[in-house]
Q: 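Below: one structure in C-alpha cells.
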Amino acid sequence: MYLIVFLVCFLSSIAGAICGIGGGVIIKPALDALDVMSVSAVSFLSGCTVLSMTTYSVLKSKAGGDSRIEQKTGFPLAVGAAFGGVAGKWMFSFISALSPDRDRVGAVQAACLFMITLGSLLYTLYKDRIRTYHVTAPALCAAIGLFLGILSSFLGIGGGSVNLVVLFFFFSMSTKTAAENSLYIIFFSQIASLVSSLISGSIPEFRMAMLLLMAAGGIGGGIAGRMINKKLTDRLVNRLFICLMAVILFINVYNIYRFTK
C-alpha cells in the first residue's frame with residue numbers, strides 16, 4: 001500500500017509540476033478510489049503533498065531567476081488565494097459536520113471535481129475561439145485568487161485544471177506561464193489551509209509515515225516535473241493537460257458511483 005501511495009504522489013506531482021495543476025487534482029481522487037484512508041485524511045494529506053511540491057517549485061524558480069510570475073497580478077492573486085484557502089477549509093469542516101457519513105462528503109467532492117474538470121476540458125478544447133482578457137486591477141485579481149483558493153482547499157486538490165483555465169481566460173497567459181502562476185497560487189492557498197487546520201485543531205487522524213512518504217513523493221515529483229517542463233513546448237504541455245483531465249474525469253465518475261452505491 002505504501003509503495004502504491006508513493007507512486008501515485010510521485011507521478012501525480014510530476015504531471016502537476018509540468019502542467020501547473022499541483023498534482024492534488026490527481027492524488028485526491030486516485031486515493032479516494034483506492035480507499036486507503038478516510039476522505040478527510042486524503043484531503044489533508046493531499047494538500048500537504050501539494051504544498052511540499054509547490055514549495056520546492058516556487059522557491060527553485062525564484063532562486064534560479066527564471067520566474068514567469070508578474071508581481072503586479074501575482075501578489076494579489078496569492079493574497080486572495082490565502083484567504084480562500086482558509087474559507088475552503090471552513091467549508092469542508094462545515095459540510096463534514098452536517099453529515100458524519102464520509103461517503104456522502106466524498107461524493108460531494110467527487111461531483112464538484114467532475115463538473116470543474118469537465119468545464120475545464122471543454123474550455124481547453126475550444127479556447128482558441130474564446131476571447132480572453134488582461135485583468136490588472138488588484139481587487140479583481142484578489143477576488144479571482146479567493147475563488148481559486150476556496151476550490152483548492154475545499155476539494156483538497158491544491159489547485160487543479162480550473163486554475164489554468166481562469167489564468168488563460170482572465171490574464172491571457174501562455175500554457176507554461178499559467179502553469180507557474182498556478183503553482184504560485186496553490187503555494188499560498190495550501191499554506192493558509194494548513195495553518196487554519198493547525199489553529200482550529202481539525203487535523204484528521206493519519207499515520208506520520210504516510211505523510212512523510214507522500215511529501216517525499218511530492219518533492220521528488222516536483223523536481224522531476226520541473227526538469228521535464230523546461231524541455232517541453234507549450235503545445236505538448238497543453239496535450240498532456242488534456243489527457244490528464246480525461247483521466248481525472250473517469251476516476252471521478254468511479255468515485256461518485258462508489259460513494260453513492
Q: Without swapping roles, check the side chain of Lys176 against the backbone of Val237 for a donor-acceptor pair under 3.5 Å.
A: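 No: the side chain of Lys176 does not pair with the backbone of Val237.
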Q: So among Phe169, Phe170, Phe171, which one has a ring pair (Phe, Tyr, Trp, His ring centres under 6.0 Å) with Tyr133?
A: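 Result for ring pair (Phe, Tyr, Trp, His ring centres under 6.0 Å) with Tyr133: Phe169.
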Q: Any donor-acceptor pair under 3.5 Å linking the side-chain atoms of Thr177 with those of Ser174?
A: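 A donor-acceptor contact under 3.5 Å links the two side chains.
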Q: Any side-chain donor paired with an acceptor under 3.5 Å for Asn252 and Lys28?
A: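 Note: Asn252 and Lys28 side chains miss the donor-acceptor criterion.
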Q: Return the orientation label for the Phe241 and Phe168 ring planes: parallel under 30°, perpendicular over 60°, tilted otherwise.
A: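 Plane angle over 60°, so perpendicular.
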Q: Quick check against the 3.5 Å criterion: does Thr54 have a side-chain atom that pairs as donor or acceptor with the backbone of Leu51?
A: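 Judged by distance alone, yes, a pair lies under 3.5 Å.
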Q: Which heavy-atom pair separates Gly47 from Gln190 by the least distance, and what is that distance?
A: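 Shortest heavy-atom separation between Gly47 and Gln190 comes out as CA-OE1, 3.1 Å.
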Q: Does Tyr184 have its ring centroid less than 6.0 Å away from the ring centroid of Phe188?
A: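 Between Tyr184 and Phe188, the centre distance is under 6.0 Å.
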Q: Hydrogens and angles aside, do Asp234 and Thr175 bring a side-chain donor and acceptor to less than 3.5 Å of each other?
A: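 Checked: Asp234/Thr175 side chains show no N/O donor-acceptor pair below 3.5 Å.
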Q: Mind checking who shares a hydrophobic cluster with Val86, ILVMFWY linked at side-chain heavy-atom distances under 4.5 Å?
A: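 Listed partners: none, Val86 stands alone.
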Q: Looking at every non-hydrogen atom in both residues, tell me the closest pair between Ala41 and Pro204 and how far apart they are.
A: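 Looks like CA-CG, 3.7 Å.
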Q: Taking Arg226's backbone N and O only, do any of them form a donor-acceptor pair with Lys60's side chain (distance below 3.5 Å, no angle check)?
A: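 Not at all, since once roles are kept as given, no pair shorter than 3.5 Å links the two residues.
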Q: Taking all atoms of both residues into account, what is the closest heavy-atom pair of Ile18 and Leu232, and its distance?
A: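 Scanning both residues completely, I find the closest heavy atoms to be CG2-CD1, 3.9 Å.
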Q: Is a donor from one side chain sitting under 3.5 angstrom from an acceptor on the other, for Ser43 and Gln109?
A: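 Distance-only check passes for Ser43 and Gln109.
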Q: Quick one: ring-ring contact (aromatic ring centres under 6.0 Å, His included) pairs with a partner in residues 195-230, sequence neighbours left out?
A: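 Counting only pairs at least two positions apart or across chains, the ring-ring contact (aromatic ring centres under 6.0 Å, His included) contacts touching residues 195-230 are Phe44-Phe206.
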Q: Going hydrophobic residue to hydrophobic residue with side-chain gaps under 4.5 angstrom, can you get from Met115 over to Leu125?
A: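 Yes, one cluster joins them.
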Q: For Ala192, does its backbone N or O pair with a side-chain atom of Ser196 as donor and acceptor, under 3.5 Å?
A: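 Such a contact is absent between Ser196 side chain and Ala192 backbone.
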Q: For Ser189 and Ile186, indicate whether the former's side chain and the latter's backbone hold a donor-acceptor pair under 3.5 Å.
A: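 Indeed, once roles are kept as given, a pair shorter than 3.5 Å links the two residues.
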Q: Ignoring hydrogens and angles, tell me if any N or O in the side chain of Ser153 forms a donor-acceptor pair with the backbone of Ser193 under 3.5 Å.
A: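 Checking the backbone N and O of Ser193 against the side chain of Ser153, no donor-acceptor pair under 3.5 Å is found.
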Q: Within a 6.0 Å radius of atom CD on Gln71, are there more than 12 heavy atoms belonging to other residues, nucleotides or ligands?
A: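 For Gln71, atom CD is crowded (more than 12 foreign heavy atoms under 6.0 Å).
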Q: Check whether Ser52 reaches the backbone of Thr49 with its side chain - one donor and one acceptor, N or O, closer than 3.5 Å.
A: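 Between the backbone of Thr49 and the side chain of Ser52 there is a qualifying donor-acceptor contact (under 3.5 Å).
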